[in-house]
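Report on the structure given below.
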Amino acid sequence: MAEVILKDISKIYDNNKIVVNKVNLEIKGNEFVVIVGPSGCGKTTTLRMIAGLEEISEGELYINGKLVNDVPPKDRDIAMVFQNYALYPHMNVFENMAFGLRIRKFSEEEIKKRVSEAAKLLEIDQLLYRFPKQLSGGQRQRVAMGRAIVRNPAVFLFDEPLSNLDAKLRTQMRSELARLHKRIGATTIYVTHDQVEAMTLADKIVIMNNGFVQQIGPPLEIYNRPKNIFVAGFIGSPTMNFIDCKFKKEGERTFLKGENWSFELPSVYEPENSDVILGIRPENLFPVDPSSAIFRGTLEIREVLGSELYLYVNCGTFTICLRQEASHRFETGETIYLNFKPETIRLFNKGSGLRVNKKEEEKK
(Lines give C-alpha, C1' and ligand atoms only; values in the text may rest on other atoms or scores of the structure.)
Protein backbone atom coordinates (compact mmCIF):
# COMPACT_ATOMS: atom_id res chain seq x y z
CA MET A 1 0.00 0.00 0.00
CA ALA A 2 2.22 2.77 -1.31
CA GLU A 3 1.73 6.47 -0.72
CA VAL A 4 2.09 8.68 -3.81
CA ILE A 5 2.93 12.37 -3.42
CA LEU A 6 3.11 14.99 -6.18
CA LYS A 7 4.82 18.26 -5.25
CA ASP A 8 4.44 21.14 -7.72
CA ILE A 9 4.51 18.72 -10.66
CA SER A 10 4.50 20.43 -14.07
CA LYS A 11 4.81 19.33 -17.68
CA ILE A 12 6.16 21.92 -20.11
CA TYR A 13 6.82 21.07 -23.75
CA ASP A 14 9.59 22.55 -25.91
CA ASN A 15 7.32 25.30 -27.26
CA ASN A 16 6.76 26.47 -23.63
CA LYS A 17 3.26 25.02 -23.68
CA ILE A 18 2.30 24.16 -20.11
CA VAL A 19 -0.05 21.16 -20.06
CA VAL A 20 0.21 20.37 -16.33
CA ASN A 21 0.74 23.31 -13.97
CA LYS A 22 2.13 22.80 -10.45
CA VAL A 23 -0.06 19.89 -9.37
CA ASN A 24 0.06 19.09 -5.65
CA LEU A 25 -1.57 15.83 -4.62
CA GLU A 26 -1.20 13.36 -1.76
CA ILE A 27 -2.55 9.84 -2.30
CA LYS A 28 -2.63 7.59 0.74
CA GLY A 29 -1.96 3.87 0.70
CA ASN A 30 -5.02 1.82 -0.33
CA GLU A 31 -6.80 4.96 -1.56
CA PHE A 32 -8.77 4.97 -4.83
CA VAL A 33 -8.20 8.39 -6.43
CA VAL A 34 -9.89 9.43 -9.66
CA ILE A 35 -8.47 12.27 -11.77
CA VAL A 36 -11.27 13.67 -13.90
CA GLY A 37 -11.67 16.50 -16.36
CA PRO A 38 -12.45 17.35 -19.99
CA SER A 39 -10.26 16.25 -22.89
CA GLY A 40 -6.94 18.10 -22.93
CA CYS A 41 -7.04 19.09 -19.25
CA GLY A 42 -3.75 17.33 -18.40
CA LYS A 43 -5.07 14.31 -16.50
CA THR A 44 -3.52 11.61 -18.70
CA THR A 45 -0.21 13.49 -18.85
CA THR A 46 -0.21 13.59 -15.04
CA LEU A 47 -0.80 9.83 -14.92
CA ARG A 48 1.97 9.19 -17.45
CA MET A 49 4.40 11.26 -15.36
CA ILE A 50 3.54 9.09 -12.34
CA ALA A 51 4.15 6.00 -14.48
CA GLY A 52 7.46 7.35 -15.78
CA LEU A 53 6.25 7.42 -19.39
CA GLU A 54 6.51 11.24 -19.49
CA GLU A 55 9.43 13.21 -18.14
CA ILE A 56 8.61 15.56 -15.26
CA SER A 57 9.55 19.14 -16.24
CA GLU A 58 9.32 20.60 -12.74
CA GLY A 59 8.46 19.34 -9.27
CA GLU A 60 9.00 16.14 -7.31
CA LEU A 61 7.25 12.76 -7.38
CA TYR A 62 7.48 10.39 -4.41
CA ILE A 63 6.30 6.77 -4.30
CA ASN A 64 6.47 5.17 -0.86
CA GLY A 65 8.67 7.98 0.38
CA LYS A 66 11.22 7.60 -2.43
CA LEU A 67 11.92 10.38 -4.95
CA VAL A 68 11.35 8.69 -8.34
CA ASN A 69 11.70 11.51 -10.89
CA ASP A 70 14.64 9.74 -12.52
CA VAL A 71 13.63 6.14 -11.73
CA PRO A 72 12.72 4.06 -14.84
CA PRO A 73 9.08 2.88 -15.10
CA LYS A 74 10.04 -0.77 -14.53
CA ASP A 75 11.56 0.10 -11.15
CA ARG A 76 8.67 2.19 -9.78
CA ASP A 77 6.58 -0.81 -8.60
CA ILE A 78 3.57 0.35 -10.61
CA ALA A 79 1.31 -1.38 -13.14
CA MET A 80 -0.68 0.49 -15.78
CA VAL A 81 -3.88 -0.50 -17.57
CA PHE A 82 -4.32 1.33 -20.87
CA GLN A 83 -7.43 2.52 -22.69
CA ASN A 84 -6.75 0.30 -25.74
CA TYR A 85 -5.89 -2.81 -23.64
CA ALA A 86 -2.40 -3.13 -25.30
CA LEU A 87 -2.60 -6.93 -25.56
CA TYR A 88 -0.21 -8.92 -27.73
CA PRO A 89 -2.39 -10.37 -30.54
CA HIS A 90 -0.11 -13.37 -31.15
CA MET A 91 -0.24 -14.48 -27.50
CA ASN A 92 -3.11 -16.22 -25.76
CA VAL A 93 -4.60 -14.88 -22.53
CA PHE A 94 -2.27 -16.88 -20.31
CA GLU A 95 0.85 -15.67 -22.13
CA ASN A 96 -0.37 -12.05 -22.15
CA MET A 97 -0.84 -12.17 -18.39
CA ALA A 98 2.44 -14.02 -17.84
CA PHE A 99 4.59 -11.84 -20.11
CA GLY A 100 5.65 -9.29 -17.49
CA LEU A 101 6.51 -12.04 -15.02
CA ARG A 102 8.67 -13.85 -17.58
CA ILE A 103 10.58 -10.62 -18.26
CA ARG A 104 11.27 -10.43 -14.51
CA LYS A 105 12.55 -14.05 -14.50
CA PHE A 106 9.82 -15.54 -12.28
CA SER A 107 9.72 -19.33 -12.07
CA GLU A 108 7.15 -21.22 -14.16
CA GLU A 109 5.52 -22.47 -10.98
CA GLU A 110 5.11 -18.92 -9.61
CA ILE A 111 3.85 -17.67 -12.98
CA LYS A 112 1.17 -20.38 -13.17
CA LYS A 113 0.11 -19.67 -9.60
CA ARG A 114 -0.20 -15.91 -10.07
CA VAL A 115 -1.96 -16.12 -13.44
CA SER A 116 -4.41 -18.73 -12.13
CA GLU A 117 -5.27 -16.66 -9.05
CA ALA A 118 -5.76 -13.46 -11.07
CA ALA A 119 -7.83 -15.26 -13.72
CA LYS A 120 -10.18 -16.68 -11.07
CA LEU A 121 -10.47 -13.29 -9.41
CA LEU A 122 -11.49 -11.72 -12.74
CA GLU A 123 -13.61 -14.72 -13.82
CA ILE A 124 -11.59 -15.33 -16.99
CA ASP A 125 -10.08 -18.67 -15.97
CA GLN A 126 -12.04 -20.36 -18.79
CA LEU A 127 -10.44 -18.03 -21.37
CA LEU A 128 -6.75 -18.59 -20.68
CA TYR A 129 -6.02 -20.29 -24.01
CA ARG A 130 -7.99 -17.97 -26.26
CA PHE A 131 -6.42 -15.17 -28.25
CA PRO A 132 -7.39 -11.47 -27.97
CA LYS A 133 -9.29 -11.51 -31.29
CA GLN A 134 -11.58 -14.19 -29.82
CA LEU A 135 -12.54 -12.02 -26.84
CA SER A 136 -15.15 -9.33 -26.32
CA GLY A 137 -14.18 -5.82 -25.24
CA GLY A 138 -15.03 -6.55 -21.63
CA GLN A 139 -13.02 -9.77 -21.64
CA ARG A 140 -10.01 -7.99 -23.15
CA GLN A 141 -10.22 -5.36 -20.44
CA ARG A 142 -10.23 -8.08 -17.77
CA VAL A 143 -7.12 -9.60 -19.34
CA ALA A 144 -5.39 -6.21 -19.29
CA MET A 145 -6.32 -5.84 -15.63
CA GLY A 146 -5.12 -9.38 -14.93
CA ARG A 147 -1.75 -8.63 -16.48
CA ALA A 148 -1.40 -5.77 -13.98
CA ILE A 149 -2.68 -7.78 -10.99
CA VAL A 150 -0.22 -10.69 -11.38
CA ARG A 151 2.65 -8.32 -10.68
CA ASN A 152 1.31 -7.39 -7.22
CA PRO A 153 2.32 -3.75 -7.72
CA ALA A 154 2.23 -1.12 -5.01
CA VAL A 155 0.30 1.25 -7.28
CA PHE A 156 -2.28 0.60 -10.03
CA LEU A 157 -2.67 3.21 -12.76
CA PHE A 158 -5.76 3.18 -15.01
CA ASP A 159 -5.96 5.38 -18.12
CA GLU A 160 -9.65 5.59 -19.15
CA PRO A 161 -9.96 1.78 -19.13
CA LEU A 162 -13.71 1.66 -19.76
CA SER A 163 -14.09 4.26 -22.50
CA ASN A 164 -14.16 1.68 -25.33
CA LEU A 165 -16.97 -0.34 -23.76
CA ASP A 166 -20.71 0.04 -24.35
CA ALA A 167 -22.84 1.71 -21.66
CA LYS A 168 -24.17 -1.51 -20.10
CA LEU A 169 -20.74 -3.14 -19.90
CA ARG A 170 -19.20 0.08 -18.53
CA THR A 171 -21.67 0.00 -15.64
CA GLN A 172 -20.89 -3.67 -14.95
CA MET A 173 -17.13 -3.11 -15.10
CA ARG A 174 -17.37 -0.13 -12.71
CA SER A 175 -18.89 -2.42 -10.10
CA GLU A 176 -16.23 -5.06 -10.72
CA LEU A 177 -13.45 -2.47 -10.41
CA ALA A 178 -14.84 -1.30 -7.07
CA ARG A 179 -15.04 -4.89 -5.77
CA LEU A 180 -11.56 -5.64 -7.08
CA HIS A 181 -10.07 -2.65 -5.29
CA LYS A 182 -11.62 -3.74 -1.99
CA ARG A 183 -10.20 -7.26 -2.36
CA ILE A 184 -6.69 -6.29 -3.51
CA GLY A 185 -6.30 -3.11 -1.47
CA ALA A 186 -3.59 -1.52 -3.63
CA THR A 187 -3.26 2.22 -4.10
CA THR A 188 -5.16 3.09 -7.29
CA ILE A 189 -5.00 6.17 -9.52
CA TYR A 190 -7.68 6.23 -12.19
CA VAL A 191 -8.07 8.73 -15.03
CA THR A 192 -11.38 9.37 -16.79
CA HIS A 193 -13.42 12.11 -18.46
CA ASP A 194 -16.61 10.47 -17.18
CA GLN A 195 -17.85 12.18 -14.02
CA VAL A 196 -20.21 9.24 -13.28
CA GLU A 197 -17.16 6.94 -13.03
CA ALA A 198 -15.48 9.48 -10.77
CA MET A 199 -18.46 9.79 -8.43
CA THR A 200 -19.11 6.04 -8.15
CA LEU A 201 -15.53 4.74 -7.85
CA ALA A 202 -13.47 7.34 -6.01
CA ASP A 203 -12.52 7.73 -2.39
CA LYS A 204 -11.16 11.08 -3.51
CA ILE A 205 -11.69 13.03 -6.74
CA VAL A 206 -9.16 15.37 -8.37
CA ILE A 207 -10.80 17.72 -10.89
CA MET A 208 -8.52 19.27 -13.51
CA ASN A 209 -9.04 21.91 -16.18
CA ASN A 210 -6.47 23.54 -18.48
CA GLY A 211 -3.60 21.91 -16.59
CA PHE A 212 -4.67 23.17 -13.16
CA VAL A 213 -6.22 21.26 -10.28
CA GLN A 214 -9.59 22.87 -9.58
CA GLN A 215 -10.62 20.92 -6.49
CA ILE A 216 -9.70 17.80 -4.51
CA GLY A 217 -12.06 16.03 -2.14
CA PRO A 218 -14.52 13.19 -1.50
CA PRO A 219 -17.27 12.83 -4.16
CA LEU A 220 -20.14 14.20 -2.07
CA GLU A 221 -18.11 17.15 -0.81
CA ILE A 222 -17.29 18.15 -4.37
CA TYR A 223 -20.90 17.66 -5.45
CA ASN A 224 -22.38 19.65 -2.58
CA ARG A 225 -19.65 22.26 -2.10
CA PRO A 226 -17.98 22.99 -5.45
CA LYS A 227 -15.22 25.58 -5.14
CA ASN A 228 -15.96 27.25 -8.45
CA ILE A 229 -18.38 27.36 -11.34
CA PHE A 230 -16.32 24.95 -13.47
CA VAL A 231 -16.48 22.21 -10.83
CA ALA A 232 -20.19 22.86 -10.23
CA GLY A 233 -20.93 22.52 -13.94
CA PHE A 234 -18.68 19.54 -14.58
CA ILE A 235 -19.93 17.32 -11.75
CA GLY A 236 -23.61 16.36 -11.92
CA SER A 237 -25.91 15.09 -14.65
CA PRO A 238 -27.83 16.94 -15.98
CA THR A 239 -25.48 19.83 -15.29
CA MET A 240 -26.23 22.52 -12.73
CA ASN A 241 -28.39 25.42 -13.94
CA PHE A 242 -26.62 28.79 -13.99
CA ILE A 243 -28.57 32.04 -13.98
CA ASP A 244 -27.11 35.56 -14.13
CA CYS A 245 -28.46 37.87 -11.45
CA LYS A 246 -27.70 40.77 -9.10
CA PHE A 247 -26.97 40.63 -5.41
CA LYS A 248 -28.66 43.51 -3.60
CA LYS A 249 -28.97 44.57 0.04
CA GLU A 250 -31.98 46.58 1.13
CA GLY A 251 -31.47 47.49 4.77
CA GLU A 252 -31.17 44.23 6.71
CA ARG A 253 -32.63 42.20 3.86
CA THR A 254 -30.70 40.56 1.01
CA PHE A 255 -32.08 39.77 -2.45
CA LEU A 256 -31.13 38.06 -5.66
CA LYS A 257 -32.71 39.83 -8.61
CA GLY A 258 -32.94 38.77 -12.23
CA GLU A 259 -35.09 39.77 -15.14
CA ASN A 260 -38.72 39.29 -14.03
CA TRP A 261 -37.82 37.41 -10.85
CA SER A 262 -36.60 38.14 -7.33
CA PHE A 263 -35.72 36.02 -4.33
CA GLU A 264 -34.92 36.97 -0.74
CA LEU A 265 -31.89 35.17 0.66
CA PRO A 266 -32.44 33.78 4.17
CA SER A 267 -28.68 33.65 4.89
CA VAL A 268 -26.08 36.39 4.74
CA TYR A 269 -23.72 36.37 1.77
CA GLU A 270 -21.06 38.94 0.98
CA PRO A 271 -19.86 38.60 -2.63
CA GLU A 272 -17.04 40.76 -3.95
CA ASN A 273 -19.45 42.57 -6.29
CA SER A 274 -23.13 42.66 -7.12
CA ASP A 275 -22.88 40.54 -10.30
CA VAL A 276 -23.35 36.91 -9.30
CA ILE A 277 -24.45 33.64 -10.85
CA LEU A 278 -27.13 31.55 -9.19
CA GLY A 279 -26.54 27.79 -9.41
CA ILE A 280 -29.34 25.26 -8.88
CA ARG A 281 -29.16 21.54 -9.59
CA PRO A 282 -32.05 20.05 -11.62
CA GLU A 283 -33.15 17.78 -8.76
CA ASN A 284 -33.57 20.78 -6.45
CA LEU A 285 -36.21 22.52 -8.59
CA PHE A 286 -39.88 21.61 -8.28
CA PRO A 287 -43.20 22.73 -9.84
CA VAL A 288 -45.49 24.91 -7.70
CA ASP A 289 -48.67 26.91 -8.14
CA PRO A 290 -48.27 30.43 -9.58
CA SER A 291 -48.62 32.19 -6.23
CA SER A 292 -45.41 30.65 -4.79
CA ALA A 293 -43.30 30.56 -7.95
CA ILE A 294 -39.93 32.25 -8.43
CA PHE A 295 -39.46 31.22 -12.07
CA ARG A 296 -42.09 31.00 -14.79
CA GLY A 297 -41.50 29.51 -18.22
CA THR A 298 -42.66 27.38 -21.13
CA LEU A 299 -41.79 23.70 -21.36
CA GLU A 300 -39.76 23.28 -24.56
CA ILE A 301 -38.22 19.81 -24.31
CA ARG A 302 -39.37 16.75 -22.39
CA GLU A 303 -36.89 13.86 -22.12
CA VAL A 304 -38.13 10.53 -20.77
CA LEU A 305 -35.45 8.35 -19.15
CA GLY A 306 -37.44 5.43 -17.78
CA SER A 307 -38.23 6.37 -14.19
CA GLU A 308 -37.22 10.03 -14.64
CA LEU A 309 -38.09 13.07 -16.72
CA TYR A 310 -35.75 15.88 -17.71
CA LEU A 311 -37.75 19.03 -18.40
CA TYR A 312 -36.21 22.04 -20.15
CA VAL A 313 -38.15 25.21 -19.42
CA ASN A 314 -37.62 28.46 -21.37
CA CYS A 315 -37.82 31.34 -18.91
CA GLY A 316 -37.09 34.10 -21.44
CA THR A 317 -33.45 35.08 -20.99
CA PHE A 318 -32.41 31.61 -19.77
CA THR A 319 -33.44 27.96 -20.00
CA ILE A 320 -33.65 25.90 -16.85
CA CYS A 321 -33.62 22.09 -16.47
CA LEU A 322 -35.41 20.17 -13.75
CA ARG A 323 -35.54 16.47 -12.98
CA GLN A 324 -38.84 14.84 -12.07
CA GLU A 325 -40.30 11.40 -11.60
CA ALA A 326 -41.80 9.96 -14.79
CA SER A 327 -45.20 9.71 -13.09
CA HIS A 328 -45.59 13.50 -13.43
CA ARG A 329 -47.59 14.61 -16.47
CA PHE A 330 -46.16 17.54 -18.40
CA GLU A 331 -46.70 18.50 -22.02
CA THR A 332 -44.46 20.63 -24.22
CA GLY A 333 -45.84 24.14 -24.64
CA GLU A 334 -47.45 24.36 -21.24
CA THR A 335 -46.52 27.01 -18.67
CA ILE A 336 -44.58 25.73 -15.67
CA TYR A 337 -44.01 27.56 -12.37
CA LEU A 338 -40.92 26.65 -10.36
CA ASN A 339 -39.43 27.12 -6.91
CA PHE A 340 -36.52 25.69 -4.93
CA LYS A 341 -35.37 25.22 -1.34
CA PRO A 342 -33.06 28.11 -0.36
CA GLU A 343 -30.44 25.82 1.24
CA THR A 344 -29.87 24.00 -2.07
CA ILE A 345 -28.68 27.00 -4.08
CA ARG A 346 -25.07 27.95 -4.76
CA LEU A 347 -23.82 31.45 -5.59
CA PHE A 348 -20.76 32.21 -7.73
CA ASN A 349 -18.90 35.45 -8.29
CA LYS A 350 -19.41 36.34 -11.94
CA GLY A 351 -15.91 37.78 -12.31
CA SER A 352 -13.77 35.14 -10.60
CA GLY A 353 -16.12 32.14 -10.93
CA LEU A 354 -15.47 31.26 -7.27
CA ARG A 355 -18.29 30.12 -5.02
CA VAL A 356 -19.62 32.76 -2.63
CA ASN A 357 -19.55 31.28 0.87
CA LYS A 358 -22.01 31.96 3.64
CA LYS A 359 -20.50 33.65 6.69
CA GLU A 360 -20.72 30.49 8.81
CA GLU A 361 -18.85 28.53 6.10
CA GLU A 362 -16.04 31.10 6.02
CA LYS A 363 -15.45 30.65 9.77
CA LYS A 364 -14.89 26.88 9.43
Open item on the list: Determine whether Tyr337 and Asp289 satisfy the following criterion, side-chain contact (heavy atoms from CB on, under 4.5 Å), listing intermediate values before the conclusion.
Closed with: CA-CA 6 Å; Tyr337 300 89; Asp289 59 67; over 6 Å; no
- Task: Would you please test Ile222 and Gln195 for side-chain contact (heavy atoms from CB on, under 4.5 Å) and show each step?
- Result: CA-CA 11 Å; Ile222 284 180; Gln195 53 102 6; over 6 Å; no
For a side-chain contact (heavy atoms from CB on, under 4.5 Å) check, start with the C-alpha distance between Leu338 and Leu322, then their side-chain angles and the critical distance, and finish with the verdict. CA-CA 9 Å; Leu338 300 171; Leu322 67 149; 3.8 Å; yes
- Can Phe156 and Ile149 be said to form a side-chain contact (heavy atoms from CB on, under 4.5 Å), step by step? CA-CA 8 Å; Phe156 281 99; Ile149 289 169; 4.0 Å; yes
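Tested against Ser163 for a side-chain hydrogen bond (donor to acceptor under 3.5 Å, both in side chains), the candidates Glu197, His193, Gln83 yield a single pass: Gln83.
Taken to the nearest 0.5 Å, the CD atom of Gln214 stands 12.0 Å off from the CD1 atom of Ile229. Annotation: the span from Ile189 atom CD1 to Thr46 atom OG1 amounts to 10.0 Å, rounded to 0.5 Å. Between Arg142 atom CZ and Gln139 atom CD the span is 7.0 Å, to the nearest 0.5 Å. For the atom pair Ser116 OG and Met97 CE, the distance stands at 9.0 Å (nearest 0.5 Å). Rounding to the nearest 0.5 angstrom, the gap separating the CD atom in Glu58 from the CD1 atom in Ile56 is 11.0 Å. The CG atom of Leu201 sits 4.5 Å away from atom CZ of Phe32, with the distance rounded to the nearest 0.5 Å.
Between Val206 and Val23, every side-chain heavy-atom pair lies at or beyond the 4.5 Å cut-off. Within the 4.5 Å cutoff, no side-chain heavy atoms of Ser10 are placed close to those of Val20. A 4.5 Å side-chain heavy-atom check between Glu303 and Tyr312 finds at least one atom pair inside the cut-off. Counting heavy atoms from C-beta on, the side chains of Phe234 and Asn209 never come closer than 4.5 Å. Residues Glu54 and Met49 are in side-chain contact: their nearest non-hydrogen atoms beyond the backbone lie under 4.5 Å apart. Side-chain contact between Lys11 and Glu55 is present, with heavy atoms from C-beta onward closer than 4.5 Å. Put simply, the side chain of Met199 reaches to within 4.5 Å of the side chain of Ile205, judged on heavy atoms. Side-chain atoms of Leu180 and Leu122, non-hydrogen and from C-beta on, do get closer than 4.5 Å to each other.
Tracing side-chain contacts under 4.5 Å through hydrophobic residues (I, L, V, M, F, W, Y), one reaches Val34 starting from Leu177; they form part of the same cluster. Under a hydrophobic clustering in which Ile, Leu, Val, Met, Phe, Trp and Tyr are joined whenever their side-chain heavy atoms come within less than 4.5 Å, directly or via other members, Val71 and Val4 fall into the same cluster. Phe340 and Phe247 fall within the same hydrophobic cluster, where Ile, Leu, Val, Met, Phe, Trp and Tyr residues are linked whenever their side-chain heavy atoms come under 4.5 Å apart, directly or through other members. The hydrophobic cluster containing Ile9 also contains Ile50, counting ILVMFWY residues as joined when their side-chain heavy atoms lie under 4.5 angstrom apart, directly or transitively. Linking Ile, Leu, Val, Met, Phe, Trp and Tyr whenever their side-chain heavy atoms come within less than 4.5 Å puts Leu256 and Phe318 in one cluster.
Annotation for Trp261 and Asp244: closest pair CZ2-O, 4.3 Å, computed over non-hydrogen atoms. Across all their heavy atoms, Glu250 and Lys257 have their closest contact at OE2-NZ, 2.9 Å. In this structure, Val313 and Ile336 approach most closely via the heavy-atom pair CG2-CD1, 4.2 Å. Among all heavy-atom pairs drawn from Gln324 and Pro287, the shortest one is OE1-CD, 3.5 Å. Heavy-atom minimum distance, Ile63 versus Ala2: CG2-CB, 4.3 Å. Across every non-hydrogen atom of Met173 and Leu165, the tightest pair is CG-CD1, 3.7 Å.
There is a side-chain donor-acceptor pair under 3.5 Å between Asp159 and Thr44. Counting only N and O atoms by type, the side chains of Thr192 and Asp194 include no donor and acceptor under 3.5 Å apart.
Side-chain atoms of Asn24 come within 3.5 Å of backbone atoms of Asp8 as a donor-acceptor pair (strictly under, hydrogens ignored). Looking only at distances, a side-chain donor or acceptor of Arg151 sits under 3.5 Å from a matching main-chain atom of Ile78. Between the side chain of Arg140 and the backbone N or O of Asn84, no donor-acceptor pair lies under 3.5 Å. Between the Lys204 side chain and the Glu26 main chain, a donor and an acceptor come within less than 3.5 Å of each other. In this structure, Arg174 contributes its side chain and Thr200 its backbone to no donor-acceptor pair below 3.5 Å. With hydrogens and angles disregarded, a donor-acceptor distance shorter than 3.5 Å links the side chain of Asn69 to the backbone of Gly59. Checking side-chain atoms of Arg114 against main-chain N and O of Ala98 turns up no donor-acceptor pair under 3.5 Å. Under the 3.5 Å distance criterion, the side-chain polar atoms of Thr187 are matched with a main-chain donor or acceptor of Asn30. Side chain of Gln141 to backbone of Asn164: no donor-acceptor contact under 3.5 angstrom is found. Judged purely by atom type and a 3.5 angstrom limit, Asn228 has no side-chain atom pairing as donor or acceptor with the backbone of Gly353.
Geometrically, Lys17 does not engage Tyr13 in a cation-pi contact defined by less than 6.0 Å to the ring centre and at most 45° from the axis.
Applying the salt bridge (Lys or Arg N to Asp or Glu O under 4.0 Å) rule to pairs touching residues 331-347 yields nothing, sequence neighbours excluded. For residues 71-129, the set of pairs meeting the ring pair (Phe, Tyr, Trp, His ring centres under 6.0 Å) definition, not counting sequence neighbours, comprises Tyr88-Phe99.
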Extract all donor-acceptor atom pairs below 3.5 Å that involve side chains of residues 275-285 and protein atoms in other chains or at least two apart in sequence.
residue : atom : partner : partner atom : Å
Asp275  : OD1  : Lys246  : NZ           : 2.4
Arg281  : NH1  : Ile235  : O            : 2.9
Arg281  : NH2  : Tyr223  : O            : 3.1
Arg281  : NH2  : Ile235  : O            : 3.3
Glu283  : OE2  : Tyr223  : OH           : 2.1

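For CG of Asn15, the number of neighbouring non-hydrogen atoms (other residues, nucleotides, ligands) closer than 6.0 Å is greater than 12. Atom CZ of Arg296 has 12 or fewer neighbouring heavy atoms from other residues, nucleotides or ligands inside a 6.0 Å radius. By the 6.0 Å contact criterion, CD on Glu109 is open, its count of non-hydrogen atoms from other residues, nucleotides or ligands being 12 or less.
Between Arg104 and Glu110 there is no salt bridge, since none of the side-chain N atoms of the basic residue sits less than 4.0 Å from a carboxylate O of the acidic one.
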